[in-house]
Amino acid sequence: MDRIVITGGNRLRGEVRISGAKNSALPILASTILGGGECVITNVPRVADVLTMGKLLGIFGATVSHEGNRAVIKADIINSTEAPYDLVKTMRASVLTLGPLVARWGEAKVSLPGGCAIGSRPVNLHLAGLAKLGADISLEHGYITAKAKRLKGARIYCDTPTVTGTENLMMAASLAEGTTVLENAAKEPEIVDLADFLCKRGARIEGAGTDVLTIEGVRELQGGEHEVIPDRIEAGTFLAAGAMTRGDVTITHCRPAHLEAILMKLREAGAEVSVEKERVRITAPKRLKGTDIRTLPYPGFPTDMQAQMAALMCLAEGTSIVTETVFESRFMHVEELRRMGADIRVEGNRLVVTGRRSLTGAPVMASDLRASAGLILAGLAADGMTEVQRVYHLDRGYERIEEKLRALGAKIERQKPSAATVR
Ligand code: EPZ
């Protein structure tokens with residue numbers, strides 16, 4: 001397994017281009033199943049999860065070509081409607097194929113995703129919504145089976161605003177007969193991006209970005225072209241890196257309107273942030289100040305930035321309380337940060353962080369995508385060398401992160417396991 005080795009202490013300086021959003025590319029790629037026309041998607045990040053989604057579409061029988069950051073998909077014929085466990089266990093977002101498959105082909109068999117490092121990750125709301133649309137849902141041998149002659153529009157209330165649940169149901173309802181109203185829908189920018197792409201292809205969706213979606217079902221969707229929005233979590237991660245190393249970093253090709261909560265918290269911590277069209281510049285001349293964070297569904301502070309901000313608070317002056325309200329156990333980075341000398345402890349669903357003047361580099365273990373990002377950030381600011389192991393977690397959601405950081409002046413490299421140390 002690859003690892004990333006960082007020698008901390010360099011102040012990051014320069015510009016970094018933000019890639020397309022993984023969490024927008026995934027539902028957009030899944031939605032290509034909904035029609036037979038050619039779909040051309042640009043600004044697609046080359047990250048493991050997106051490549052896995054392309055593989056899954058190929059297993060269904062779609063033709064998929066993914067050159068650079070451009071993907072061309074044609075799903076006019078499908079010869080399988082089964083998403084196998086071996087693939088789903090590597091990428092929970094495979095569940096996003098459930099709605100499109102049953103909506104267009106009348107059946108789907110998708111392995112239950114199972115839990116992951118950050119929580120149990122149930123999909124009960126996805127299934128309850130599909131059942132409301134008339135699908136027969138059964139769970140057997142670890143697989144979800146959904147069947148329906150043709151889905152019928154319905155009024156659905158989601159107990160909690162679920163991002164992929166909203167996406168799954170919006171895609172399914174776009175081909176259902178009649179009108180669907182989805183209440184307490186999630187409002188993330190990735191949902192708006194998916195709705196924009198579906199509407200370009202003939203879907204009739206209103207209210208994306210609000211908590212009430214109205215979808216008028218149509219018989220079929222055409223192909224279409226779409227550019228994926230920038231990744232707001234990658235953007236936040238690089239801004240935190242610039243602030244933590246007391247550098248001067250400008251991120252480009254980003255969407256500042258999606259970063260409001262993140263920018264507000266970085267400013268509250270004492271960073272200087274200037275915004276100009278698709279560019280955001282951050283400097284942190286003085287030591288940052290501790291500030292409290294509470295993760296919430298969009299437009300609240302994103303849970304996907306919790307680990308990165310926890311790492312930043314480990315070096316800030318004073319005590320910070322980080323409250324995680326979205327997932328039940330998204331604190332896998334804490335023990336690893338303590339190995340680096342951080343004064344951080346878990347109290348229920350909160351972290352209590354007392355900033356230190358410095359952290360010390362250490363060998364640490366990545367456990368999930370965003371925890372790994374938090375450890376990379378800590379390594380950039382720590383004294384000495386940090387070795388982050390199991391970086392395949394990082395590769396799921398960050399495109400060429402060590403190259404981008406090296407271009408900003410970080411002393412960072414990826415090491416392949418040598419024969420001697422393979423374990
Ligand atoms: C999406 O996951 C993202 N993944 C996650 O990003 C992100 O952390 C999360 O939204 C929250 O913003 C993708 O978009 C591919 P949820 P998702 O359904 O949709 C509960 C990353 O790092 N819930 O919005 O799985 C659930 O347990 C990943 O890029 C149910 O109870 O999250 C959680 O407490 C990690 N039943 C809450 O809702 C359901 O059927 C929000 O989860 C569905 C969800």
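On a predicted model such as this, the values are computed, not experimentally measured, just so you know. In listed order, ligands and their atoms are each counted from 1.
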**Item:** Proximal ligand 1 atoms for His126, defined as those under 4.0 Å from one of its heavy atoms
**Value:** 40 (O)
**Complete:** ligand 1 to Val123, heavy atom cutoff 4.0 Å, flagged ligand atoms 39 (C), 40 (O)
**Fill in**
Taking only non-hydrogen atoms of Arg370 and a 4.0 Å limit, the atoms of ligand 1 in range are 21 (C), 22 (O), 29 (O)
**Request:** Do me a favour and list the nearest non-hydrogen protein atom to atom 34 (O) of ligand 1 with residue, atom name and distance?
**Result:** Val326 O, 2.5 Å
**Request:** State whether Arg70 and Glu67 are salt-bridged, where the test is any N-O pair (Lys NZ or Arg NE/NH1/NH2 against Asp/Glu carboxylate O) under 4.0 Å.
**Result:** no
**Request:** Classify the angle between the aromatic ring planes of Tyr298 and His258 as parallel (below 30°), tilted (30 to 60°) or perpendicular (above 60°).
**Result:** perpendicular
**Message:** Please classify the Asn124 to ligand 1 contact at 4.0 Å (heavy-atom distances, strictly less than): side chain, backbone, both or neither.
**Reply:** both
**Prompt:** With a cut-off of 4.0 Å, which atoms of ligand 1 are near a heavy atom of Arg121?
**Reply:** 2 (O), 17 (P), 25 (O)
**Fill in**
Atoms of ligand 1 under 4.0 Å from any heavy atom of Thr303, numbered from 1 in the order shown, are 8 (O), 11 (C), 12 (O)
**Request:** Take every heavy atom of Pro122, measure it against each atom of ligand 1, and state whether any distance is under 4.0 Å.
**Result:** yes
**Atoms of ligand 1, numbered as shown, that sit under 4.0 Å from any heavy atom of Val163** = 1 (C), 10 (O), 12 (O), 16 (P), 18 (O), 19 (O), 24 (O)
For residues 202-213, dump all side-chain donor-acceptor pairs below 3.5 Å to protein atoms at least two apart in sequence or in another chain.
unit_1, atom_1, unit_2, atom_2, d
Thr210, OG1, Gly207, O, 2.7
Thr210, OG1, Val212, N, 3.2
Thr210, OG1, Val212, O, 3.0

**Request:** Identify the protein heavy atom lying closest to atom 3 (C) of ligand 1, giving its residue, its atom name and the separation to 0.1 Å.
**Result:** Asn23 ND2, 3.7 Å
**Request:** Quick one: look at Asp304 and ligand 1, take heavy-atom pairs under 4.0 Å, and tell me if it's side chain, backbone, both or neither.
**Result:** side chain
**Asked** side chain to side chain contact (heavy atoms under 4.5 Å, CB included) with Leu259: which of Ile251, Val275, Leu266?
**Response** Ile251
**Request:** With salt bridge (charged side-chain N to carboxylate O under 4.0 Å, His left out) as the test, would you mind laying out the steps for Glu324 and Arg330 before giving the verdict?
**Result:** CA-CA 7 Å; Glu324 173 57 63; Arg330 196 167 198 173; 5.2 Å; no
Hey, can you pull the donor-acceptor pairs under 3.5 Å for the side chains in residues 72-79, sequence neighbours left out?
unit_1, atom_1, unit_2, atom_2, d
Lys74, NZ, Gly36, O, 3.2

**Asked** Nearest non-hydrogen atom to atom 35 (C) of ligand 1 belongs to which of Arg330, Glu167, Arg92?
**Response** Arg330
**Asked** Looking at atom 19 (O) of ligand 1, what's its closest protein heavy atom, distance included?
**Response** Thr164 OG1, 2.6 Å
**Message:** I'd like to know if Glu183 pairs up with Arg155 as an ion pair, taking the criterion as any Lys NZ or Arg NE/NH1/NH2 lying under 4.0 Å from an Asp or Glu carboxylate oxygen.
**Reply:** yes
**Item:** Contact check: Phe327 vs ligand 1, nitrogen or oxygen atoms, below 3.5 angstrom
**Value:** no
**Prompt:** Any ion pair linking Asp49 and Arg396 (charged N to carboxylate O, less than 4.0 Å)?
**Reply:** yes
**Cationic N near anionic O, under 4.0 Å, Glu107 to Lys109** = no
**Request:** Enumerate the atoms of ligand 1 whose separation from the nearest heavy atom of Lys22 is less than 4.0 angstrom.
**Result:** 21 (C), 29 (O)
